[in-house]
2 protein chains.
Amino acid sequence: MNLQEAINVLKEKGYKTTGKRKDILEFFSSKDGYRPAKDLIAHLEKKYGAISFDTIYRNLHLYHDLGILEKTDLEGEKHFRLSCSHHHHHHFICRDCGKTKEIEVCPMDTALAELTNYEIDDHKFEIYGRCPSCLNA
Amino acid sequence: MNLQEAINVLKEKGYKTTGKRKDILEFFSSKDGYRPAKDLIAHLEKKYGAISFDTIYRNLHLYHDLGILEKTDLEGEKHFRLSCSHHHHHHFICRDCGKTKEIEVCPMDTALAELTNYEIDDHKFEIYGRCPSCLNA
DNA sequence: CATAAAAGTCGTAATCATTCCTATTTACAA
DNA sequence: TTGTAAATAGGAATGATTACGACTTTTATG
(Lines give C-alpha, C1' and ligand atoms only; values in the text may rest on other atoms or scores of the structure.)
Protein backbone atom coordinates (compact mmCIF):
# COMPACT_ATOMS: atom_id res chain seq x y z
CA MET A 1 0.00 0.00 0.00
CA ASN A 2 1.28 3.45 -0.83
CA LEU A 3 0.55 6.92 0.51
CA GLN A 4 -2.26 7.73 -1.93
CA GLU A 5 -3.98 4.39 -1.45
CA ALA A 6 -3.89 4.87 2.30
CA ILE A 7 -5.44 8.34 2.03
CA ASN A 8 -8.14 6.94 -0.22
CA VAL A 9 -9.02 4.25 2.31
CA LEU A 10 -9.32 6.95 4.94
CA LYS A 11 -11.68 9.06 2.80
CA GLU A 12 -13.76 6.13 1.66
CA LYS A 13 -14.44 5.16 5.24
CA GLY A 14 -15.48 8.70 6.10
CA TYR A 15 -12.49 9.69 8.20
CA LYS A 16 -11.12 13.20 8.03
CA THR A 17 -7.78 13.68 6.37
CA THR A 18 -5.99 16.05 8.68
CA GLY A 19 -2.48 17.33 8.30
CA LYS A 20 -1.21 15.09 11.05
CA ARG A 21 -2.85 12.02 9.57
CA LYS A 22 -1.07 12.70 6.32
CA ASP A 23 2.19 13.32 8.15
CA ILE A 24 1.90 9.96 9.85
CA LEU A 25 1.27 8.16 6.57
CA GLU A 26 4.14 10.01 4.93
CA PHE A 27 6.40 8.92 7.75
CA PHE A 28 5.61 5.27 7.24
CA SER A 29 5.70 5.45 3.47
CA SER A 30 9.21 6.89 3.68
CA LYS A 31 10.38 3.87 5.71
CA ASP A 32 10.55 0.29 4.61
CA GLY A 33 10.53 -1.40 7.99
CA TYR A 34 8.76 -1.66 11.30
CA ARG A 35 8.89 1.49 13.43
CA PRO A 36 7.86 2.06 17.03
CA ALA A 37 5.60 4.91 18.14
CA LYS A 38 8.56 6.74 19.62
CA ASP A 39 10.19 7.12 16.20
CA LEU A 40 6.99 8.61 14.85
CA ILE A 41 6.75 10.97 17.81
CA ALA A 42 10.33 12.12 17.30
CA HIS A 43 9.61 12.73 13.62
CA LEU A 44 6.49 14.79 14.23
CA GLU A 45 8.08 16.79 17.01
CA LYS A 46 10.61 18.09 14.52
CA LYS A 47 7.75 19.70 12.64
CA TYR A 48 5.32 20.62 15.41
CA GLY A 49 7.46 20.98 18.50
CA ALA A 50 5.08 18.84 20.51
CA ILE A 51 2.44 16.31 19.68
CA SER A 52 -0.22 14.65 21.79
CA PHE A 53 0.27 10.99 22.60
CA ASP A 54 -3.41 10.64 22.02
CA THR A 55 -3.06 11.73 18.42
CA ILE A 56 -0.24 9.29 17.84
CA TYR A 57 -1.80 6.22 19.34
CA ARG A 58 -5.35 6.92 18.21
CA ASN A 59 -4.20 7.13 14.64
CA LEU A 60 -1.90 4.14 14.85
CA HIS A 61 -4.83 2.07 16.07
CA LEU A 62 -7.14 3.52 13.45
CA TYR A 63 -4.69 2.71 10.68
CA HIS A 64 -4.19 -0.76 12.01
CA ASP A 65 -7.94 -1.37 12.19
CA LEU A 66 -8.34 -0.10 8.63
CA GLY A 67 -5.61 -2.43 7.43
CA ILE A 68 -3.34 0.44 6.47
CA LEU A 69 -0.65 -0.49 8.98
CA GLU A 70 0.68 -3.88 10.05
CA LYS A 71 1.68 -4.32 13.68
CA THR A 72 4.13 -6.50 15.51
CA ASP A 73 5.26 -6.75 19.12
CA LEU A 74 9.03 -6.44 19.51
CA GLU A 75 10.47 -6.52 23.01
CA GLY A 76 7.50 -4.91 24.68
CA GLU A 77 7.07 -2.20 22.08
CA LYS A 78 4.54 -2.20 19.27
CA HIS A 79 6.04 -1.57 15.86
CA PHE A 80 4.19 -0.58 12.71
CA ARG A 81 4.73 -0.53 8.98
CA LEU A 82 2.63 0.18 5.92
CA SER A 83 0.70 -2.90 4.89
CA CYS A 84 1.99 -4.70 1.87
CA SER A 85 -1.42 -5.94 0.91
CA HIS A 86 -0.76 -7.43 -2.52
CA HIS A 87 -0.35 -10.99 -1.28
CA HIS A 88 0.15 -13.03 1.85
CA HIS A 89 3.69 -13.22 3.09
CA HIS A 90 5.88 -12.86 6.18
CA HIS A 91 8.96 -10.89 7.12
CA PHE A 92 12.55 -11.05 8.05
CA ILE A 93 13.11 -8.12 10.46
CA CYS A 94 16.53 -6.55 11.00
CA ARG A 95 17.08 -5.98 14.69
CA ASP A 96 19.42 -3.08 14.02
CA CYS A 97 17.64 -0.95 11.45
CA GLY A 98 14.13 -2.41 11.52
CA LYS A 99 14.06 -2.97 7.77
CA THR A 100 12.13 -5.95 6.53
CA LYS A 101 12.46 -8.45 3.74
CA GLU A 102 9.52 -10.43 2.48
CA ILE A 103 9.54 -14.17 3.01
CA GLU A 104 7.31 -16.03 0.60
CA VAL A 105 7.02 -19.33 2.42
CA CYS A 106 4.06 -19.71 4.74
CA PRO A 107 3.65 -22.86 6.80
CA MET A 108 -0.01 -22.35 7.70
CA ASP A 109 -1.50 -24.79 5.23
CA THR A 110 0.50 -27.69 6.63
CA ALA A 111 0.11 -26.47 10.21
CA LEU A 112 -3.68 -26.40 9.91
CA ALA A 113 -3.70 -30.16 9.49
CA GLU A 114 -2.41 -30.41 13.06
CA LEU A 115 -5.16 -28.16 14.40
CA THR A 116 -8.51 -29.73 13.67
CA ASN A 117 -11.15 -28.52 16.13
CA TYR A 118 -9.16 -25.39 16.87
CA GLU A 119 -10.38 -21.91 15.98
CA ILE A 120 -7.57 -20.03 14.25
CA ASP A 121 -7.62 -16.24 14.39
CA ASP A 122 -4.15 -15.24 13.41
CA HIS A 123 -0.59 -16.37 13.02
CA LYS A 124 2.87 -14.91 13.03
CA PHE A 125 6.00 -16.06 11.29
CA GLU A 126 8.93 -13.73 11.72
CA ILE A 127 12.66 -14.16 11.33
CA TYR A 128 15.01 -11.94 13.29
CA GLY A 129 18.62 -11.08 12.64
CA ARG A 130 20.77 -8.59 10.79
CA CYS A 131 20.42 -7.50 7.20
CA PRO A 132 23.39 -7.37 4.79
CA SER A 133 23.79 -3.59 4.97
CA CYS A 134 23.86 -3.59 8.78
CA LEU A 135 26.36 -6.45 8.72
CA ASN A 136 28.71 -4.40 6.56
CA ALA A 137 28.38 -1.22 8.59
CA MET B 1 11.95 -29.86 30.69
CA ASN B 2 10.53 -30.85 34.04
CA LEU B 3 10.93 -29.49 37.55
CA GLN B 4 13.88 -31.67 38.51
CA GLU B 5 15.77 -31.00 35.30
CA ALA B 6 15.30 -27.29 35.81
CA ILE B 7 16.63 -27.46 39.36
CA ASN B 8 19.61 -29.44 38.11
CA VAL B 9 20.42 -26.80 35.52
CA LEU B 10 20.29 -24.18 38.24
CA LYS B 11 22.70 -26.11 40.47
CA GLU B 12 25.08 -27.03 37.67
CA LYS B 13 25.50 -23.39 36.79
CA GLY B 14 26.20 -22.50 40.38
CA TYR B 15 22.99 -20.67 41.21
CA LYS B 16 21.41 -21.06 44.60
CA THR B 17 18.23 -23.02 44.87
CA THR B 18 16.10 -20.92 47.14
CA GLY B 19 12.55 -21.60 48.19
CA LYS B 20 11.18 -18.95 45.89
CA ARG B 21 13.13 -20.24 42.94
CA LYS B 22 11.59 -23.64 43.47
CA ASP B 23 8.16 -22.10 43.87
CA ILE B 24 8.51 -20.34 40.55
CA LEU B 25 9.56 -23.53 38.80
CA GLU B 26 6.73 -25.44 40.43
CA PHE B 27 4.30 -22.84 39.20
CA PHE B 28 5.38 -23.22 35.62
CA SER B 29 5.63 -26.98 35.75
CA SER B 30 2.02 -27.12 36.93
CA LYS B 31 0.85 -25.15 33.87
CA ASP B 32 1.00 -26.20 30.27
CA GLY B 33 0.83 -22.81 28.62
CA TYR B 34 2.32 -19.35 28.50
CA ARG B 35 1.77 -17.30 31.66
CA PRO B 36 2.42 -13.61 32.31
CA ALA B 37 4.39 -12.35 35.31
CA LYS B 38 1.20 -11.17 36.95
CA ASP B 39 -0.14 -14.74 37.20
CA LEU B 40 3.06 -15.81 38.89
CA ILE B 41 2.89 -12.88 41.29
CA ALA B 42 -0.71 -13.73 42.18
CA HIS B 43 0.31 -17.33 42.81
CA LEU B 44 3.22 -16.46 45.08
CA GLU B 45 1.24 -13.86 46.99
CA LYS B 46 -1.12 -16.61 48.09
CA LYS B 47 1.81 -18.23 49.87
CA TYR B 48 3.89 -15.25 50.96
CA GLY B 49 1.43 -12.37 51.19
CA ALA B 50 3.77 -10.13 49.22
CA ILE B 51 6.65 -10.67 46.89
CA SER B 52 9.19 -8.31 45.41
CA PHE B 53 8.93 -7.52 41.71
CA ASP B 54 12.66 -7.76 41.70
CA THR B 55 12.55 -11.39 42.72
CA ILE B 56 9.95 -12.19 40.08
CA TYR B 57 11.59 -10.50 37.14
CA ARG B 58 15.17 -11.30 38.08
CA ASN B 59 14.34 -14.98 38.18
CA LEU B 60 12.21 -14.93 35.05
CA HIS B 61 15.14 -13.43 33.18
CA LEU B 62 17.57 -15.85 34.77
CA TYR B 63 15.45 -18.82 33.78
CA HIS B 64 15.08 -17.49 30.30
CA ASP B 65 18.81 -16.95 29.96
CA LEU B 66 19.44 -20.47 31.21
CA GLY B 67 16.99 -21.89 28.68
CA ILE B 68 14.64 -23.11 31.38
CA LEU B 69 11.81 -20.84 30.29
CA GLU B 70 10.62 -19.85 26.85
CA LYS B 71 9.34 -16.33 26.36
CA THR B 72 6.89 -14.69 24.00
CA ASP B 73 5.47 -11.20 23.70
CA LEU B 74 1.68 -11.16 23.74
CA GLU B 75 -0.07 -7.79 23.54
CA GLY B 76 2.57 -5.87 25.41
CA GLU B 77 3.05 -8.46 28.13
CA LYS B 78 5.83 -11.00 28.31
CA HIS B 79 4.61 -14.56 28.80
CA PHE B 80 6.68 -17.55 29.90
CA ARG B 81 6.44 -21.31 29.89
CA LEU B 82 8.78 -24.20 30.71
CA SER B 83 11.01 -25.00 27.77
CA CYS B 84 10.09 -28.11 25.89
CA SER B 85 13.63 -28.81 24.89
CA HIS B 86 13.37 -32.27 23.41
CA HIS B 87 13.07 -31.09 19.83
CA HIS B 88 12.47 -28.01 17.74
CA HIS B 89 8.85 -27.06 17.30
CA HIS B 90 6.42 -24.16 17.52
CA HIS B 91 3.16 -23.45 19.26
CA PHE B 92 -0.48 -22.81 18.84
CA ILE B 93 -1.44 -20.47 21.73
CA CYS B 94 -4.99 -20.21 23.03
CA ARG B 95 -5.87 -16.57 23.55
CA ASP B 96 -8.38 -17.45 26.28
CA CYS B 97 -6.57 -19.90 28.53
CA GLY B 98 -2.96 -19.55 27.35
CA LYS B 99 -2.54 -23.25 26.78
CA THR B 100 -0.31 -24.32 23.96
CA LYS B 101 -0.23 -27.10 21.44
CA GLU B 102 2.93 -28.12 19.69
CA ILE B 103 3.14 -27.59 15.96
CA GLU B 104 5.67 -29.80 14.25
CA VAL B 105 6.05 -27.97 10.98
CA CYS B 106 8.86 -25.42 10.80
CA PRO B 107 9.40 -23.40 7.66
CA MET B 108 12.90 -22.19 8.45
CA ASP B 109 14.77 -24.51 6.11
CA THR B 110 12.88 -23.23 3.09
CA ALA B 111 12.90 -19.65 4.35
CA LEU B 112 16.69 -19.67 4.70
CA ALA B 113 17.02 -20.08 0.96
CA GLU B 114 15.48 -16.61 0.62
CA LEU B 115 17.96 -15.08 3.07
CA THR B 116 21.45 -15.55 1.75
CA ASN B 117 23.82 -12.91 3.19
CA TYR B 118 21.54 -12.35 6.15
CA GLU B 119 22.56 -13.18 9.70
CA ILE B 120 19.75 -15.13 11.35
CA ASP B 121 19.50 -14.99 15.15
CA ASP B 122 16.03 -16.25 15.87
CA HIS B 123 12.60 -16.87 14.47
CA LYS B 124 9.06 -17.13 15.68
CA PHE B 125 6.15 -19.08 14.31
CA GLU B 126 3.03 -18.86 16.43
CA ILE B 127 -0.61 -19.54 15.73
CA TYR B 128 -3.26 -17.76 17.77
CA GLY B 129 -6.87 -18.69 18.36
CA ARG B 130 -9.03 -20.72 20.67
CA CYS B 131 -8.49 -24.29 21.79
CA PRO B 132 -11.26 -26.92 21.68
CA SER B 133 -11.95 -26.81 25.42
CA CYS B 134 -12.34 -23.02 25.42
CA LEU B 135 -14.60 -23.25 22.37
CA ASN B 136 -16.92 -25.60 24.25
CA ALA B 137 -16.98 -23.57 27.45
C1' DC C 1 28.26 -26.75 63.74
C1' DA C 2 29.86 -21.76 63.10
C1' DT C 3 30.45 -18.23 60.10
C1' DA C 4 31.40 -15.14 56.49
C1' DA C 5 31.18 -14.03 51.57
C1' DA C 6 28.34 -14.20 47.88
C1' DA C 7 24.02 -14.41 46.17
C1' DG C 8 19.28 -13.52 46.74
C1' DT C 9 15.36 -10.79 48.35
C1' DC C 10 12.69 -6.74 50.07
C1' DG C 11 10.25 -2.54 49.62
C1' DT C 12 9.78 1.01 47.03
C1' DA C 13 10.81 4.49 43.64
C1' DA C 14 11.59 5.31 38.86
C1' DT C 15 10.89 4.43 33.96
C1' DC C 16 8.67 3.58 29.76
C1' DA C 17 4.98 2.62 26.62
C1' DT C 18 0.41 3.27 26.37
C1' DT C 19 -4.34 4.74 27.65
C1' DC C 20 -7.64 7.98 29.36
C1' DC C 21 -9.92 12.50 30.11
C1' DT C 22 -11.78 17.16 29.25
C1' DA C 23 -11.42 21.37 26.91
C1' DT C 24 -10.46 23.35 22.62
C1' DT C 25 -9.81 23.34 17.67
C1' DT C 26 -10.60 21.78 12.92
C1' DA C 27 -12.43 19.52 8.64
C1' DC C 28 -16.01 19.38 5.85
C1' DA C 29 -20.93 18.97 4.61
C1' DA C 30 -25.01 21.72 4.10
C1' DT D 1 -20.03 30.77 5.91
C1' DT D 2 -21.37 28.16 9.50
C1' DG D 3 -22.82 24.17 12.55
C1' DT D 4 -21.29 20.14 14.29
C1' DA D 5 -19.20 15.84 14.70
C1' DA D 6 -14.61 14.46 14.59
C1' DA D 7 -9.92 15.32 15.79
C1' DT D 8 -6.26 17.20 18.69
C1' DA D 9 -3.94 19.23 22.84
C1' DG D 10 -2.06 18.79 27.16
C1' DG D 11 -1.43 16.34 30.81
C1' DA D 12 -2.78 12.87 34.32
C1' DA D 13 -3.36 7.90 35.09
C1' DT D 14 -2.26 3.08 34.35
C1' DG D 15 0.21 -1.13 33.97
C1' DA D 16 4.27 -3.74 33.08
C1' DT D 17 8.88 -3.70 33.99
C1' DT D 18 13.42 -2.10 35.79
C1' DA D 19 16.49 -0.14 39.28
C1' DC D 20 18.53 0.40 43.81
C1' DG D 21 20.26 0.48 48.61
C1' DA D 22 19.46 -2.13 52.74
C1' DC D 23 18.72 -6.44 54.67
C1' DT D 24 18.49 -11.75 54.69
C1' DT D 25 19.52 -16.42 53.25
C1' DT D 26 22.23 -19.98 51.02
C1' DT D 27 26.12 -22.50 50.76
C1' DA D 28 31.13 -23.37 50.93
C1' DT D 29 34.67 -23.94 54.15
C1' DG D 30 37.17 -24.60 58.50
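Residue numbering restarts at 1 for every chain, and letters A, B, ... go by the order of the sequence lines.
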Original post:
Between A/Tyr34 and A/His79, is a ring pair (Phe, Tyr, Trp, His ring centres under 6.0 Å) present by the stated rule, with each step listed?
Top reply: CA-CA 5 Å; A/Tyr34 280 99; A/His79 288 58; 7.3 Å; no

Nearest-angstrom distance from the residue atom [atom1] of [X] to [atom2] of [N]:
X       : N      : atom1 : atom2 : result
A/Asp54 : D/dA12 : CG    : P     : 14 Å
A/Asp23 : D/dA7  : CG    : C1'   : 14 Å
B/Lys11 : C/dG8  : NZ    : P     : 14 Å
B/Tyr57 : C/dC16 : OH    : P     : 16 Å
B/Ile51 : D/dT18 : CD1   : P     : 17 Å
B/Asn59 : D/dT26 : CG    : P     : 13 Å
B/Lys16 : D/dT27 : NZ    : P     : 7 Å
B/Tyr48 : C/dC10 : OH    : P     : 8 Å

Original post:
Below 3.5 Å, does any donor atom in the side chain of B/Thr55 face an acceptor in the base of C/dG8, or the other way round?
Top reply: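 Result: no qualifying N/O pair found.
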
Original post:
When only distance counts, do a donor and an acceptor, one from the side chain of A/Ser52 and one from the base of D/dG10, lie under 3.5 Å apart?
Top reply: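 Yes, a donor-acceptor pair under 3.5 Å.
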
Assign [X] to base, sugar-phosphate, or nothing according to its heavy-atom contacts below 4.0 angstrom with the strands shown.
X       : result
B/Arg58 : base
A/His79 : nothing
B/Phe53 : base

**OP:** For the residue pair A/Tyr57 and A/His61, categorise the inter-ring angle as parallel (less than 30°), tilted (30 to 60°) or perpendicular (more than 60°).
**Re:** tilted

**OP:** Kindly assign one of parallel, tilted or perpendicular to the pair B/Phe80 and B/Phe28, based on the angle between their ring planes and the thresholds 30° and 60°.
**Re:** perpendicular

Closest to the [X] side chain: [options]?
X       : options               : answer
A/Thr17 : D/dA16, D/dT8, C/dC28 : C/dC28
B/Thr18 : C/dG8, C/dT18, D/dT8  : C/dG8
B/Tyr15 : C/dT19, C/dG8, C/dG11 : C/dG8

**OP:** Would you please confirm or rule out a distance under 4.0 Å between OP1 or OP2 of C/dA17 and any side-chain N or O of A/Lys38?
**Re:**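 So the side-chain polar atoms of A/Lys38 do come within 4.0 Å of the phosphate oxygens OP1 or OP2 of C/dA17, strictly under.
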
Original post:
Given C/dT19, is OP1 or OP2 found less than 4.0 Å from the side-chain N or O atoms of A/His61?
Top reply: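 Result: yes.
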
**OP:** Could you tell me whether B/Lys20 sits above the aromatic face of B/Tyr48, with NZ or CZ closer than 6.0 angstrom to the six-membered ring centre and within 45 degrees of the axis?
**Re:**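 Yes, a cation-pi geometry holds between B/Lys20 and B/Tyr48.
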
Subject >> More than 12 heavy atoms of other groups within 6.0 Å of A/Phe27 CZ >> reply: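 Yes, CZ of A/Phe27 has more than 12 neighbouring heavy atoms, counting only those of other groups under 6.0 Å.
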
